[in-house]
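Inspection log for the structure reproduced underneath, given as structure tokens.
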Amino acid sequence: MNLISSITELRAQIASWRQAKQRIALVPTMGNLHDGHISLVQHALTVADRVVVSIFVNPLQFGPTEDYQAYPRTLTEDNAKLQAAKTDLVFTPTVAEMYPTPMEQSTRVEVPNLNNILCGASRPGHFIGVATIVNKLFNLVQPDKAVFGEKDFQQLLIIKRMVADLNLPIDLIGQPTYREPDGLAMSSRNRYLTTEQRQLAPRLFQILDQLRRYLLTTGQRNFTELEDHAKAQLTASGFKPDYITVRVADTLALPTDHDNAQELVILAAAWLGKARLIDNVRIRF
Ligand code: AMP
């Protein structure tokens with residue numbers, strides 16, 4: 001496995017693979033890898049000849065009061081996992097390498113509307129940071145395929161929109177959320193949970209799944225009422241809910257009351273102690 005932190009070396013390796021007509025897949029991450037990340041790598045191996053994983057805790061996507069400093073950095077363990085998963089190249093640039101112009105003054109990518117709702121409403125600027133760094137990684141690696149997790153559902157839609165709007169020749173692949181045996185979506189931020197909070201955490205998925213089954217089995221479409229009820233359940237379980245909302249899966253628009261034609265998604269974000277957990281479930285009628 002090739003460990004590279006310089007852009008020059010990365011470009012040289014990519015160029016030689018391109019010359020050999022090899023297909024390249026990229027899996028962008030912030031490290032502290034768990035089995036969910038590895039499931040993306042495993043999928044990438046099935047669709048390309050070479051798999052590049054980037055590990056970069058991107059300061060541009062963290063707000064001033066967020067956990068940029070505290071975000072877990074476990075490069076040695078990450079590399080061992082990626083090596084075992086047969087990754088070809090791990091790209092671990094420094095902040096200076098990725099942001100040669102001071103970050104506040106550098107060019108950024110904004111996907112309007114989608115970036116201001118849900119997680120974007122609570123985390124101003126977050127999705128500008130995400131779109132900018134992913135666009136930069138796409139320019140550096142020039143992958144044929146890029147694999148993302150559906151756990152970050154809004155992020156995946158934003159990247160899809162960016163790829164379409166900027167005519168990037170990249171095939172985006174979303175992969176299902178990888179979960180702990182009790183249903184909790186795997187996340188690097190789960191390690192912020194105390195033992196007691198960790199026991200409560202699966203409630204988030206349970207409440208989402210309960211609402212999903214309710215919508216599927218009853219004709220109920222009073223979304224606001226159902227969302228209020230789910231929010232109250234989260235609060236009663238010890239969470240501080242940010243949002244829980246039913247949306248149209250393709251656009252994140254509010255669904256109409258009797259709309260069974262479109263696929264829906266229920267998305268939630270809630271604080272449990274120091275961890276802001278997010279999760280979602282899809283509804284195909
Ligand atoms: P992160 O390191 O949190 O930025 O995530 C890197 C990639 O892994 C993103 O595409 C995430 O959506 C994806 N990911 C994170 N958690 C999971 C999970 N539990 N299952 C599948 N993919 C995930």
Side-chain angles (χ1 to χ4, degrees), residues 25-47 51-63 66-68 70-75 77-79 81-82 85 87 90-93 95 98 118-120 123 126-138 141 143 145-163 170-193 198 201-202 204-205 208-209 249 265 267-269 275-282:
L26 171 66
V27 182
T29 80
M30 298 205 300
N32 191 238
L33 303 180
H34 48 65
D35 290 351
H37 294 113
I38 300 303
S39 75
L40 306 186
V41 175
Q42 282 163 346
H43 185 76
L45 285 161
T46 66
V47 295
V51 173
V52 177
V53 175
S54 60
I55 298 182
F56 181 63
V57 184
N58 173 31
L60 191 61
Q61 72 189 66
F62 287 79
E66 292 183 357
D67 56 344
Y68 174 66
Y71 198 86
R73 288 153 172 93
T74 52
L75 195 55
E77 292 89 334
D78 291 352
N79 284 338
K81 288 179 189 169
L82 292 174
T87 306
V90 185
F91 179 51
T92 56
V95 172
M98 288 309 277
L118 307 175
C119 283
R123 304 184 66 190
H126 169 65
F127 288 118
I128 291 180
V130 170
T132 303
I133 198 66
V134 171
N135 192 61
K136 285 161 74 69
L137 290 166
F138 283 176
V141 176
K145 316 259 177 192
V147 188
F148 291 85
E150 287 172 353
K151 192 203 136 217
D152 299 273
F153 195 82
Q154 186 176 4
Q155 166 175 289
L156 179 56
L157 275 196
I158 286 173
I159 309 277
K160 273 187 189 160
R161 176 72 60 79
M162 176 185 82
V163 162
I170 300 169
D171 179 22
L172 286 189
I173 303 170
Q175 283 293 291
T177 302
Y178 215 82
R179 298 179 180 282
E180 301 286 356
D182 60 11
L184 175 65
M186 288 193 184
S187 164
S188 305
R189 289 190 169 98
N190 290 350
R191 63 161 57 193
Y192 298 158
L193 300 169
R198 174 63 190 83
L204 179 61
F205 175 60
L208 281 167
D209 197 47
V265 58
L267 306 114
R276 183 176 183 279
L277 305 180
I278 60 170
D279 203 348
N280 66 83
V281 296
R282 304 261 279 283

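For the numbers below, each heavy atom of this structure counts, side chains included, while hydrogens, waters and symmetry mates do not. Order of listing sets the numbers, starting from 1, for every ligand and every atom in it.
Heavy-atom contacts of Met186 reach the following atoms of ligand 1: 16 (N), 17 (C), 18 (C), 19 (N) (cutoff under 4.0 Å). Interface of Gly36 with ligand 1, defined as ligand atoms under 4.0 Å from a residue heavy atom, comprises 18 (C), 20 (N), 21 (C), 22 (N).
Taking only nitrogen or oxygen atoms, main chain and side chain alike, Gly149 reaches within less than 3.5 Å of ligand 1. Ligand 1 has an N or O atom lying under 3.5 Å from an N or O atom of Asp152, backbone or side chain. For ligand 1, none of its N or O atoms has an N or O atom of Phe148 under 3.5 Å away. For ligand 1, the polar-atom distance check finds an N/O of Tyr178 within less than 3.5 Å of one of the ligand's N/O atoms. Checked by distance only, ligand 1 and Pro28 stay at 3.5 Å or farther apart across all their nitrogen or oxygen atoms. In terms of polar-atom proximity, defined here as any N/O pair under 3.5 Å, His37 does make such a contact with ligand 1.
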**OP:** List the steps and the verdict of side chain to side chain contact (heavy atoms under 4.5 Å, CB included) for Ser54 and Val141.
**Re:** CA-CA 10 Å; Ser54 60; Val141 176; over 6 Å; no
**OP:** Check step by step if side chain to side chain contact (heavy atoms under 4.5 Å, CB included) holds for Phe138 and Ile159.
**Re:** CA-CA 11 Å; Phe138 283 176; Ile159 309 277; 4.1 Å; yes
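At the shortest separation from atom 17 (C) of ligand 1 among protein heavy atoms lies His34 CE1, 3.7 Å. Closest to atom 13 (C) of ligand 1 among all protein heavy atoms lies Leu40 CD1, 3.6 Å.
Other residues, nucleotides and ligands contribute only 12 or fewer heavy atoms inside 6.0 Å of the OH atom of Tyr178.
Taking all atoms of both residues into account, the shortest heavy-atom contact from Met30 to Ile55 is C-CG2, 4.1 Å.
Contacts between Pro176 and ligand 1, counted as non-hydrogen atom pairs separated by less than 4.0 Å, involve the backbone only. Residue contacts with ligand 1, taken as heavy atom pairs separated by less than 4.0 Å, involve Met30 via backbone and side-chain atoms alike.
With contacts defined as side-chain heavy-atom distances shorter than 4.5 Å, the pair His37/Asp78 does not qualify. When side chains are defined from C-beta on, Pro28 does not count as touching Phe56, because their heavy atoms never get closer than 4.5 Å.
Taking 4.0 Å as the cut-off between side-chain N and carboxylate O, Glu66 and Arg276 do not count as a salt-bridged pair.
In this structure, Arg191 fails the cation-pi test against Tyr71, since its NZ or CZ atom is not both closer than 6.0 Å to the six-membered ring centre and inside 45 degrees of the ring normal.
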